[in-house]
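To keep things clear, I will list the structure first and then write my remarks on it.
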Number of protein chains: 2
Amino acid sequence: MESHDLLIFKQVAERQSVSKAAENLGYVQSNISQRIKSLEDELGAKLFVRNNRGVTLTDKGTTLLDYANRILLLLDEAKSAFNPQKWRETLTIGAPQTISAFKVPQLFSLFLKKHKNMDVKVRTSDKQSLQDMLYYGELDGLFVHGPYDEGRLESVYSYEQNIVLIAPEKWELETPYNQTLIVNSFTSCSYRDALLHYSESNHFYDPTILEFDTLESILQAVQNGLGISILPEDVLNSRKELSPIECKKLSEGIKINFVVKQRKYQPHVLKKFISFLWESS
Amino acid sequence: MESHDLLIFKQVAERQSVSKAAENLGYVQSNISQRIKSLEDELGAKLFVRNNRGVTLTDKGTTLLDYANRILLLLDEAKSAFNPQKWRETLTIGAPQTISAFKVPQLFSLFLKKHKNMDVKVRTSDKQSLQDMLYYGELDGLFVHGPYDEGRLESVYSYEQNIVLIAPEKWELETPYNQTLIVNSFTSCSYRDALLHYSESNHFYDPTILEFDTLESILQAVQNGLGISILPEDVLNSRKELSPIECKKLSEGIKINFVVKQRKYQPHVLKKFISFLWESS
DNA sequence: TGGAGGTATCATTTTAACTGATACTAACGG
DNA sequence: CCGTTAGTATCAGTTAAAATGATACCTCCA
């Protein structure tokens, strides 16, 4: 069992797929199949259960993944103990305000704990600009909700973001009259859609639409009793001081994709970050 | 940088020699040379200083050795998390009383901390029996002082054992008359020689020779004022309760060899133990 | 001055990793 | 119920990397 076997194993375990792991590592699927097989033979234990939608870890596999993570982390640390400047690369990630406000700082702080030799940057902007920046190489990757340019960009990771409806104190959430919907202009349509959807399903009658372009202004507006809006649950949780606000968790989440430019060779830092996303999920 | 590179590196670092490491790992010297070179190239740092009696670690090499030890230990642990019964092997080591009394338990306790999945045994006896036992496969290895059957056994590790002269309280160590030398019958000649050598260099006149066959009896004899003797420093330090005894450190130590049977493939546990000896020196 | 004991280099061989093509399996849609 | 899709397994063949063997080279020491 060599460290490279563990790298392959880790990738398969995290992607829960032999072929995805192969693609990601730049190998052909059959190779990964074989190497996992020989690893299993060597250890004398099945590491994965093969179900036809991919593979999932067995108990023993979980044990090994834990070791693999520890070993590979140490290996990385050892490498970066040499040539520090050579490895000190910058990762630049784009995100809309709702994500850059809470999720990204949280992720980065965990990421930097593991990879001390990297610099990270966030660029907050609207979806179109971010996509352009990504395409022109100013960003390494990008968090988006909703559709994106699938011709040139590809999603390498995604997760569900819980969202909550927020309203001023004592607001009558279900009353169909005199409702004001506060939407943001910075997250294209997902949040707006979710809000409109809520509006419709409660048969709101001709609600007023207020649009703001920063997260702060929306929060202010709700606090001042202007109307209701929708935000990621995380953002709200991180601002406990923001009561007096009523909030209501919505059953449907929003799917958030981490997208990158389509290309064969990703920069080292980006690979690390993607791998980190899968690890921490 | 793969774990196998680290294994090779570790071996070279511990033996301070490319060729010794090669021999030990069952490779040819040129291969190890090349792999160390390519490891250095990869990390962009010299790991060893080549002096014509071998190689020694640079500062960066020391850093890497630390990582290598941690990584390889984790790898071993991961392996032994599988097939526990298969890997639970027994290591049987022979030693004369003077070594089995202190050095061996100390070594074993450290060894078992690192390799939790092994059993260890000590066999204490006289040199000739131990050599026979080793040759007939009842022992994996053997600590000896002084000469051993070099035709059939080979030394794979050695160290210097400090020795001290012990005497009853208020004994006149330099007086040449009426001295009694207490020798042991269980460590062939090294200790006896050291004692006789001391006797001669102090021009002792016709000293009495007392022979005992256990460590305990010698200690008792000295405590009871019978005469002087010689013991490993360690043994004495571990028995602080044994004063009233005078002791005097001698400048010359005794060379102790760890010897094994000459053969191409050593059992896994033995390899681990030998590696451990080099590591901890 | 040449032998002993060590490392480095390089052309060649061997081994293990990787590829590409194909077979197999289960779910999914019509 | 049959073809399509999305996955894994197998296997013969290729490629790349590691290991070898021979040789060069250095330094100490007798």
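It should be emphasised that the depicted structure is a prediction, and the values quoted were computed from it without experimental measurement. Lettering follows sequence order; numbering is per chain, from 1. FYI, side chains are in, hydrogens and waters are out, and symmetry mates aren't considered; it's all heavy atoms of this structure.
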side-chain N/O [X] vs [N] OP1/OP2, d < 4.0 Å:
| X | N | answer |
| --- | --- | --- |
| S33(B) | dA8(C) | yes |
| K20(B) | dG6(C) | yes |
| N31(A) | dC18(C) | yes |

Proximal nucleotide (of [options]) relative to the [X] side chain:
| X | options | value |
| --- | --- | --- |
| R35(A) | dA17(C), dC11(D), dT20(D) | dA17(C) |
| S30(A) | dA19(D), dG20(C), dG21(D) | dG20(C) |
| S19(B) | dG6(C), dG7(D), dT9(C) | dG6(C) |
| R53(A) | dG21(D), dA6(D), dC18(C) | dA6(D) |
| R50(B) | dA8(C), dT19(C), dA19(D) | dA8(C) |
| Y27(A) | dA8(C), dC18(C), dT10(D) | dC18(C) |

Nearest whole angstrom, please: distance from the [atom2] of [N] to the [atom1] of [X].
| X | N | atom1 | atom2 | answer |
| --- | --- | --- | --- | --- |
| Q16(A) | dA6(D) | CD | C1' | 15 Å |
| N51(B) | dG6(C) | CG | C1' | 10 Å |
| D41(B) | dA8(C) | CG | P | 12 Å |
| K37(A) | dA17(C) | NZ | P | 14 Å |
| I36(B) | dA19(D) | CD1 | P | 12 Å |

* With K103(B) as the cation and Y159(B) as the aromatic partner, state whether NZ or CZ is under 6.0 Å from the six-membered ring centre and within 45° of the axis. => yes
Side-chain H-bond candidate by donor/acceptor type, [X] with [Y], under 3.5 Å:
| X | Y | result |
| --- | --- | --- |
| S3(A) | E2(B) | yes |
| Q131(B) | D149(B) | no |
| Q29(B) | S19(B) | no |

* **Presence of donor-acceptor pair under 3.5 Å, side chain of Q29(A) and base of dT19(C)** => no
* With nearest nucleotides of DNA chain C determined for D5(A) and N52(B) from heavy-atom distances, which residue corresponds to the more 5′ nucleotide? ->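 The residue mapped nearer the 5' terminus is N52(B).
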* **Sidechain N-carboxylate O distance under 4.0 Å for E279(B), K114(B)** =>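 K114(B) and E279(B): salt-bridged.
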